[in-house]
Protein chains: 2
Amino acid sequence: MSEPTISAPVPRGRPRSERSHRAILEAANEILEERGFVDLTMDEVAQRGGVSKATIYRWWPTKGMLVFEAFTANFLARQPTPDTGSLRGDLLAALRSWIRTVKGTVTGRTLVGLIAEVQRDPDLAELWRERFVTRVRAQHRLIFDRALGRGEILADVDPDVMLDLLFGSAYHRLLQSHLPLTDRFAQAVVDMMVAGVQSGHAATNGNGKKL
Amino acid sequence: MSEPTISAPVPRGRPRSERSHRAILEAANEILEERGFVDLTMDEVAQRGGVSKATIYRWWPTKGMLVFEAFTANFLARQPTPDTGSLRGDLLAALRSWIRTVKGTVTGRTLVGLIAEVQRDPDLAELWRERFVTRVRAQHRLIFDRALGRGEILADVDPDVMLDLLFGSAYHRLLQSHLPLTDRFAQAVVDMMVAGVQSGHAATNGNGKKL
DNA sequence: AGAATACGATACGTATCGTACCGTAAGGAC
DNA sequence: GTCCTTACGGTACGATACGTATCGTATTCT
């Protein structure tokens, strides 16, 4: 671990208070549960956490960044990608986990609020892509690695397009609220995708042939 | 605007200034082009339109509502659903039109800003669903009516799920910015969907067809 | 003429983000 | 044990921008 070339990070001065760190994140999560992203104010986080706003802003540059951290670990822990033995089972399990996590939950409301904030804050957008989207997608891409290993799909199936179909349609319903995120919806999406890849050369890179 | 009820629409007092009405919408569109939704301020709309803020707020209750109106007509006019003669052609045309409208354009940035605002303002969300989402989807649902008439799909194909797959995946890339909205992407999505409806779901009846 | 409504100008209230500054606390270096 | 460095709580403040309120004026119908 010790790198002689890089300056040794010898901590000087008063160390960061781990207690305040936790208190801030816990207060943020509490307020998110009660009022959601929009109505969470930094003043209240400070007050309820028993810390000063200066301390918050010393470690998190914006409200978005703070909520991002309070949210991410919680969310990621709830998105497993178990090996069910089939592509259809894996896709359905992943989508059902996601729906269970976000539908009618604090986590879902916070996710929506963060996605909205990401559209307004370029710095947060970069963090969002690198520390959330990329991470979740890498995890879910295992589903297609396994399906390829089983011989269920061909190598020309683009996992990125598959992920966009699977979760894009779900995020769509979450954000537009035009229709509910039912289990019937999940099954229909997965059935359509499985039928698509099993028909031969679908979801390739766009050399669509006419049947 | 027009009252279909029994009350005779006899206008009393000074009529609404159509000139101010237009000036407000035009100023809003100009600022949206230059700076986007977040950095559009109501004070500047008033100043540039040569009107008072009171006049704006007399007709639009919030900034979101104003921008919604300035945006909607413009967007809807660019989303035709031409009959290309095949399901694949119709889907591809619709998705390509959408991508052309939003990718790297002011309209796309405004769309993103509005979707973000919709997540923060319940009143705007209702308007958004009723006057935008519902309208666009009704228009695009014609694609599946025609496909059904041609015998390309079975009656058990759910048009709502199909629309969520088609546009959900596209909105996903627009909002998450993890991957670009290429034409290759559009083709892959459409190929996948066409393959899905033509093979898998027909399993119940066993009369999958080829054209 | 008078009632009703819209208009422009402008000041104001409110909310909330993020920063500045203070005196103090907690560690390491010597 | 003293000095230096950094973090802390408390709080005031600046900045921005939404949306409201008020006022005198303008325009139309009755």
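The sequence lines fix the lettering, A, B, ..., with proteins before strands; numbering per chain opens at 1. Computed over heavy atoms, backbone and side chain alike; hydrogens, waters and symmetry mates excluded. Given the structure is predicted, the values throughout are model-derived calculations rather than measurements.
Here the two rings, on B:F132 and B:F68, have centers that are 6.0 Å apart or farther.
Summarising the geometry, the separation between CD on B:E117 and P on D:dA17 is reported as 14 Å, rounded to the nearest angstrom. C:dC7 atom P lies 7 Å from atom CZ of B:R16, rounded to whole Å. A:K53 has its NZ atom 16 Å from the C1' atom of C:dC22, to the nearest Å. Look at CZ on A:R120: it is 11 Å from P on C:dG18, rounded to the nearest Å. Per the geometry, CG belonging to B:D123 stands 14 Å off C1' belonging to D:dG19, to the nearest Å.
Side-chain N or O atoms of B:D90 include one that pairs as donor or acceptor with a backbone N or O of B:T84 at under 3.5 Å. At least one donor-acceptor pair closer than 3.5 Å links the side chain of B:T134 to the backbone N or O of B:R129.
The local environment of CD in A:E34 is crowded, with over 12 non-hydrogen atoms from other residues, nucleotides or ligands closer than 6.0 Å. Heavy-atom neighbours of B:R96 CZ from other residues, nucleotides or ligands within 6.0 Å: above the threshold of 12. Sparse packing is recorded around CD of B:Q47, with 12 or fewer heavy atoms of other residues, nucleotides or ligands lying under 6.0 Å away. Counting non-hydrogen atoms of other residues, nucleotides and ligands closer than 6.0 Å to CD of A:E126 gives a total of 12 or fewer.
Scanning for ring-ring contact (aromatic ring centres under 6.0 Å, His included) contacts around B:F144 gives an empty result, with sequence neighbours left out.
A heavy-atom distance below 4.0 Å to DNA chain C is reached by none of the residues of residues 20-32 of chain A. Sorted by residue number, the members of residues 54-63 of chain A with any non-hydrogen atom under 4.0 Å from DNA chain C read A:A54, A:Y57, A:T62, A:K63. Residues of residues 33-50 of chain B that place a heavy atom closer than 4.0 Å to DNA chain C, in numerical order, are B:G50.
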Q | Stepwise salt bridge (charged side-chain N to carboxylate O under 4.0 Å, His left out) test for A:E117 and B:R120 | A | CA-CA 10 Å; A:E117 192 68 10; B:R120 324 174 109 245; 3.6 Å; yes

Q: Start with the C-alpha gap between B:N29 and B:E33, add the side-chain angles, then the distance that decides, and say whether side chain to side chain donor-acceptor pair (under 3.5 Å) holds.
A: CA-CA 6 Å; B:N29 269 319; B:E33 285 181 25; over 6 Å; no

**Q.** B/S/- contact track for nucleotides 24-30 of chain D, protein heavy atom under 4.0 Å
**A.** --BBBSS

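In this structure, CZ in B:R35 is found 8.0 Å from CG in B:L40, a value given to the nearest 0.5 Å. We find the CD-CD distance between A:Q119 and B:Q119 to be 9.5 Å, quoted to the nearest 0.5 Å.
Classification of the A:W98-A:Y171 ring pair by plane angle, with boundaries at 30° and 60°, yields tilted. Relative ring orientation between B:W60 and B:H21 is described as perpendicular, the plane-to-plane angle rising above 60° on a 0-90° scale split at 30° and 60°.
Counting only Watson-Crick and G-U wobble pairs whose two key distances fall under 3.5 Å, DNA chain C forms stems of three or more stacked pairs at C:1-30 with D:1-30.
With hydrogens and angles left out, the side-chain atoms of A:T110 and A:T107 include no donor and acceptor closer than 3.5 Å.
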